Engineer: 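To start, I am sharing the structure in question, which I have written as structure tokens.
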2 protein chains.
Amino acid sequence: MKDINDMPGHLVRRLQQIAVAVFHAQVESAGFDLTPVQYAALVRVRTHPGIDQATLAGLIAYDRTTIAGVVDRLVQKGFLTREVSGTDRRARVLRMTETGEAALDRIEPAVETAQKLILSGLDEAEATEFMRLLRKATDAANDFSRAPLRQVSGDPGNAK
Amino acid sequence: MKDINDMPGHLVRRLQQIAVAVFHAQVESAGFDLTPVQYAALVRVRTHPGIDQATLAGLIAYDRTTIAGVVDRLVQKGFLTREVSGTDRRARVLRMTETGEAALDRIEPAVETAQKLILSGLDEAEATEFMRLLRKATDAANDFSRAPLRQVSGDPGNAK
DNA sequence: TACTGATGATCAGCATACTGTCAATTCGAG
DNA sequence: CTCGAATTGACAGTATGCTGATCATCAGTA
């Protein structure tokens, strides 16, 4: 390993940096100002209405602390509501607003475009293989980070 | 694309998150407190003594603004020196200190280990292919980010 | 030489992400 | 049922990374 350009860590960071830039550009041209994390959180709250912050963090593999700030900003934008759970007063229950639903519908095409652009250097077969390897690598190393992916029991998660 | 887990952007972020965590753990167990960016900067300053901050930023594909803070912390740790260039008074010239050299030598094995751990879910052939695709994708999308990789003229860069 | 555009560095500001710590609350073992 | 462990959310602190702006300096040209 003579060079940092031969290191997976460095290249992965590079691609992630590119992915964020592309995401921003696409979403902005759709008329919205939403970060990748905010988008992931929105999508998950829509599929899991009434989810609490800690469970949401596990589903998208983010740290609890980070999610608090993300949710703050989504509430501020009027895309989410957050209220104390009736069954567990520690937990804050998250739900999408009408505004959030509408925004997500309009943002989704931009996000699709962004995903294609990120791998625009690869042909279709390469992209498929790349995704398979990405999934395999992240699955195997899931517990190396403080914020591992945690499936909810009964949740299909990554299954097709 | 039914799910965020099928999106390259999401998976790349995940792997990057894992890579940073693994890097931290390994470097810490070697007795140092250095981030991936700081490491990349150190390596590049060693191979390019007397480099200025903007060129350094281009070589490791970071934003100029980000590098300023990184260099600040490396100077504070005593790993780098920063002084005004004699030929261009706008530029700050960077050089490694003895301390920095010594630290880098001791950190390198930990970084090697980290790189292996990041792809520990893949066998050797898969890892090689994954790296090839990573490089291809990042090369193609290089200019999508504000901080593209910029080779110095006459610099071998990524060549073997 | 004076002007213009490009470049290097810095600053303010925003949004991740992490560690570590804490308080409030819930839950399970005895 | 009670007490200790676990969980949820929050806060402080640090380090990336980005955008947009400003300032000093340099280089090429009229």
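So that the names make sense, note that chain A is the first sequence line, chain B the second, and so on, each numbered from 1. A quick note: this is a predicted structure, and the numbers were derived from the prediction, not measured.
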Engineer: Measure from CD1 on B:Ile67 to P on D:dT16 and round the result to the nearest Å.
Structural biologist: 9 Å

Engineer: Whole-Å distance between D:dT16 C1' and B:Leu34 CG?
Structural biologist: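 That distance rounds to 13 Å.
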
Engineer: D:dG17 C1' sits how many Å from B:Leu56 CG, rounded?
Structural biologist: 15 Å

Engineer: Between B:Asp52 and B:Thr55, do the side chains contain a donor N or O and an acceptor N or O under 3.5 Å apart?
Structural biologist: yes

Engineer: Could you check whether A:Val70 gets within reach of a base, just the sugar-phosphate, or nothing at all, counting any heavy atom under 4.0 Å?
Structural biologist: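 Contact class for A:Val70: sugar-phosphate only.
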
Engineer: Answer yes or no: is there a donor N or O on one side and an acceptor on the other, between the side chain of B:Arg135 and the main chain of A:Asn5, under 3.5 Å?
Structural biologist: yes

Engineer: For a quick test of reading the model: is some side-chain N or O of A:Gln16 closer than 4.0 Å to OP1 or OP2 of D:dG17?
Structural biologist: no

Engineer: Counting only side-chain heavy atoms from C-beta out, which of D:dT8, C:dA9, D:dC18 sits nearest to A:Ala54?
Structural biologist: D:dT8

Engineer: Whole angstrom is fine here: how far is it from CG in A:Asp63 over to P in D:dA10?
Structural biologist: 13 Å

Engineer: Looking only at non-hydrogen atoms, find the nearest pair between B:Leu122 and A:Leu133 and report the distance.
Structural biologist: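 The answer is CD2-O, 3.8 Å.
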
Engineer: Give a yes-or-no answer on whether the side chains of B:Tyr62 and A:Arg13 include a donor-acceptor pair shorter than 3.5 Å.
Structural biologist: yes

Engineer: Heavy atoms within less than 4.0 Å of DNA chain C: which residues of residues 80-91 of chain A have one? Give them sorted by number.
Structural biologist: A:Asp88, A:Arg89, A:Arg90

Engineer: Consider the side chain of B:Arg64, meaning its heavy atoms from C-beta on, and name the nucleotide among D:dT16, D:dT8, C:dT10 that approaches it most closely.
Structural biologist: C:dT10

Engineer: Would you mind telling me which residue lines up with the more 5' stretch of DNA chain D, A:Asp72 or A:Arg13, judged by nearest nucleotide?
Structural biologist: A:Asp72

Engineer: Has B:Gln53 got a side-chain N or O lying under 4.0 Å from the OP1 or OP2 atom of C:dT7?
Structural biologist: no

Engineer: Assess whether side-chain contact (heavy atoms from CB on, under 4.5 Å) is satisfied between A:Leu134 and B:Phe130, documenting all intermediate values.
Structural biologist: CA-CA 8 Å; A:Leu134 249 188; B:Phe130 184 69; 4.0 Å; yes

Engineer: In whole angstrom, give the distance that lies between atom CG of B:Leu74 and atom C1' of D:dT16.
Structural biologist: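 Taking CG of B:Leu74 and C1' of D:dT16, I get 13 Å after rounding.
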
Engineer: Roughly how many Å is it from CG in B:Asp33 to P in D:dG13, rounded to a whole number?
Structural biologist: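 The distance from CG of B:Asp33 to P of D:dG13 comes to 18 Å, rounded to the nearest Å.
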
Engineer: Take the protein atom CD1 of A:Ile51 and the nucleotide atom P of D:dG9, then report the distance between them rounded to whole Å.
Structural biologist: 10 Å

Engineer: Does the side chain of B:Gln17 get closer than 4.0 angstrom to OP1 or OP2 of C:dT16 through an N or O atom?
Structural biologist: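 Answer no for this pair, as no side-chain N or O of B:Gln17 is under 4.0 Å from OP1 or OP2.
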
Engineer: If you assign A:Thr35 and B:Arg92 each to the DNA chain C nucleotide with the nearest heavy atom, which residue ends up on the more 5' nucleotide?
Structural biologist: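 Going by which nucleotide is closer to the 5' end, it is B:Arg92.
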
Engineer: Quick one: is A:Tyr62 getting a side-chain N or O under 4.0 Å of the C:dA17 phosphate, OP1 or OP2?
Structural biologist: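 For A:Tyr62, the contact criterion (side-chain N or O under 4.0 Å from OP1 or OP2 of C:dA17) is met.
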
Engineer: Does a side chain donor of either B:Gln17 or B:Arg14 reach within less than 3.5 Å of an acceptor in the other side chain?
Structural biologist: yes

Engineer: Determine whether B:Gln53 and B:Arg82 make a side-chain contact, defined as any pair of heavy atoms from C-beta on separated by less than 4.5 Å.
Structural biologist: yes

Engineer: For A:Gln76 and C:dA15, what is the distance between atoms CD and C1' respectively, to the nearest whole Å?
Structural biologist: 13 Å

Engineer: Main chain of B:Gly100, side chain of B:Lys77: is a donor-acceptor contact present, judged purely on distance under 3.5 Å?
Structural biologist: no

Engineer: Is the distance from OP1 or OP2 of C:dC14 to the nearest side-chain N or O of A:Arg73 less than 4.0 Å?
Structural biologist: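 A:Arg73 to C:dC14 OP1/OP2: no side-chain N or O under 4.0 Å.
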
